[in-house]
Novice: 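Here it is, the structure, as structure tokens.
Whatever order the structure lists ligands and atoms in, that order sets their numbers, starting from 1.
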Amino acid sequence: MSTRLTLRHALTAIGAVTALSAALISASPAATAAAPAAPAPTVAAPDIPVANVKAHLTQLQSIATANSGNRAHGRPGYKASLDYVKGKLDAAGYTTTIQQFTSSGATGYNLIADWPGGDANHVVMSGAHLDSVTAGPGINDNGSGTAGTLEVALAVSRAGLQPTKHLRFGWFGAEELGMIGSKYYVNNLPAADRSKIDAYLNFDMIGSPNPGYFVYDDNAPLETVFKDFFASKGIPTEIETEGDGRSDHAPFKSAGVPVGGLFSGADYIKTAAQAQKWGGTSGQAFDACYHRSCDTSANLNDSALDNNSDAIAYAVWNLSTGTTTPPTGTVFENTTDVAIPDAGAAVTSSVTVSGIAGNAPSALQVGVNIVHTYRGDLVIDLVAPDGSTYRLKNSSGSDSADNVVTTYTANASSEVANGVWKLKVQDVARADTGYINSWKLTF
Ligand code: DTR
Ligand code: ZN
Ligand code: ZN
Ligand code: CA
């Protein structure tokens, strides 16, 4: 057995793919185009009072203190935290639902809150995990995301917002045990309902004491929404690279839901360059109390908590009051499955682009959904109508995870937009197989 096989069996490949829902145009190879979507208007979201966010955190700290110092799954402090959040939402007019599950022999709970109204076929969902580790109160991890998301939900109520799209909020249990609550939520959501979620926004640690400003890069339009907000505040951001798959957005992404989110840093060390642009202390962790008993109310940076809470509000308002799905343009998609021969020749899948004037954009979004065990076997290219090739993904002997469900960005500004574009995929290593499930170009 080759080393790779041994390695593969030793590693737990996490990857479950639910066919990407065709919330967009599903097309035969000769794709057709939707009407060009008007850009979503930038609407004025409210400023979220950080004092309100901190008041929630004071309550969560008190709850932990009264319950053996934590708010962990299966412990009294968790359900007390949920009851606090639920009480605020019920009083604000939300329709709340508690979803029970069992993990590690204990009952877990998710709290889901729907804001009445909006198009039920287009849901914008925001979420945070509500549980802490057993070692401490989890005020930054993840009281901060809990409280910021809660306060935005309460701001929606205060504003009497009547968004175009339906707003949903979620507080998940047992994230610290491996995203158990969010996996349970996604896996128990009928596929038809999953396809109605236009975006899931995840907020796990947004108030770190030595903060960074990291934006999830899993979906280009959602990344742009957050980057636009921080650019308007003159706050530089970086893409979040350490957490892929490490929080509650992962089950949504695996199910094909566009995901985004914010992160202020955990136990990684802030570099000198990062301290230069964000302040704080280089050579120290973003959160030195990560998963420790000192993750208390004192373990916060108010500016990060404030800015990130305002960013959540900006995203919720702009993604739900626009007339389009997350800012996209015109989509050309091919949903015909194409088998990829094991360690064989490259295969292609085509879309025909028409009605787009001029050249392709410098940030052409290439949405890819490939079902394939051990995705490190795969090389993925975009081929322009004139034959120019853009490398999207190289093979990797160490990437043992399954499936490629992501959006790549290619600078295709030198290419004429109209014509036949191809996704070219080759499996360059033995023993794993799969197929192109779907792919799409967004202009
Ligand atoms: N796993 C999360 C903390 C975490 C670490 N890296 C990231 C990146 C993005 C979001 C969250 C995280 C936890 O301990 O809850
Ligand atoms: Zn954690
Ligand atoms: Zn967390
Ligand atoms: Ca990432």
Novice: Going by atom types only, do His166 and Asp114 share a side-chain donor-acceptor pair under 3.5 Å?
Specialist: yes
Novice: Taking C-beta and beyond as the side chain, do Lys86 and Ile98 meet within less than 4.5 Å on heavy atoms?
Specialist: yes
Novice: Does any N or O of ligand 1 fall below 3.5 Å from an N or O anywhere on Tyr216, backbone included?
Specialist: no
Novice: Compute the minimum heavy-atom distance from Tyr290 to ligand 1 and say whether it is under 4.0 Å.
Specialist: yes
Novice: I'd like to know if the side chain of His73 pairs up with that of Glu175 as donor and acceptor (distance under 3.5 Å, no hydrogens or angles considered).
Specialist: no
Novice: Check whether the side chains of Asn70 and Thr134 place a donor and an acceptor atom closer than 3.5 Å, and report yes or no.
Specialist: no
Novice: Within less than 2.8 Å of the Zn ion (ligand 2), any N, O or S from His291?
Specialist: yes
Novice: Give the atoms of ligand 1, by number and element, whose distance to some non-hydrogen atom of Glu176 is under 4.0 Å.
Specialist: 13 (C), 14 (O), 15 (O)
Novice: Answer yes or no as to whether an N/O/S atom of Glu175 is found below 2.8 Å from the Zn ion (ligand 3).
Specialist: no
Novice: State, yes or no, whether a side-chain contact exists between Ile370 and Ile380 at a heavy-atom distance under 4.5 Å.
Specialist: yes
Novice: Quick one, Ile206 with Thr149, criterion side chain to side chain contact (heavy atoms under 4.5 Å, CB included). Give me CA distance, side-chain angles, the key distance, then yes/no.
Specialist: CA-CA 10 Å; Ile206 63 168; Thr149 304; over 6 Å; no
Novice: Counting heavy atoms only, name the option from Tyr268, Phe203, Phe263, Phe214 that's nearest to atom 7 (C) of ligand 1.
Specialist: Phe263
Novice: Are any of the N/O atoms on Glu240, whether in the backbone or the side chain, positioned under 3.5 angstrom from an N/O atom of ligand 1?
Specialist: no
Novice: Just give me the atom name: the N, O or S atom of Asp141 closest to the Zn ion (ligand 3).
Specialist: OD1
Novice: Tell me which N, O or S atom from Glu176 is the closest to the Zn ion (ligand 2).
Specialist: OE2
Novice: Check whether any heavy atom of His249 sits under 4.0 Å from an atom of ligand 1.
Specialist: no
Novice: Are any of the side-chain heavy atoms of Pro236 and Trp278 separated by less than 4.5 Å?
Specialist: yes
Novice: Does an N or O from Ser247, backbone or side chain, lie closer than 3.5 Å to an N or O of ligand 1?
Specialist: no
Novice: Check for me whether the distance between the ring centres of Phe172 and Tyr185 falls short of 6.0 Å.
Specialist: yes
Novice: Heavy atoms, side chains only, cut-off 4.5 Å: are Asn142 and Ser132 in contact?
Specialist: no
Novice: Less than 4.5 Å apart, side chain to side chain, heavy atoms only: is that true for Val124 and Ile197?
Specialist: no
Novice: Taking only heavy atoms of His129 into account, list the atoms of ligand 1 that are under 4.0 Å away from them.
Specialist: 15 (O)
Novice: Could you see which bit of Asp141 sits under 4.0 Å from ligand 1, with heavy atoms only: side chain, backbone, both or neither?
Specialist: side chain
Novice: Could you list the atoms of ligand 1 found under 4.0 angstrom from a heavy atom of Met205?
Specialist: 3 (C)
Novice: Could you tell me whether the side chain of Ser396 and the main chain of Gly376 form a donor-acceptor pair under 3.5 Å?
Specialist: no
Novice: Please find the N/O/S atom of Asp204 nearest to the Zn ion (ligand 3) and write down its name.
Specialist: OD1
Novice: Heavy atom to atom 13 (C) of ligand 1, shortest distance: which of Val133, Asp204, Asp287, Asp131 holds it?
Specialist: Asp204
Novice: Can you list the ligand 1 atoms lying under 4.0 Å from a non-hydrogen atom of Glu175?
Specialist: 1 (N), 2 (C), 13 (C), 15 (O)
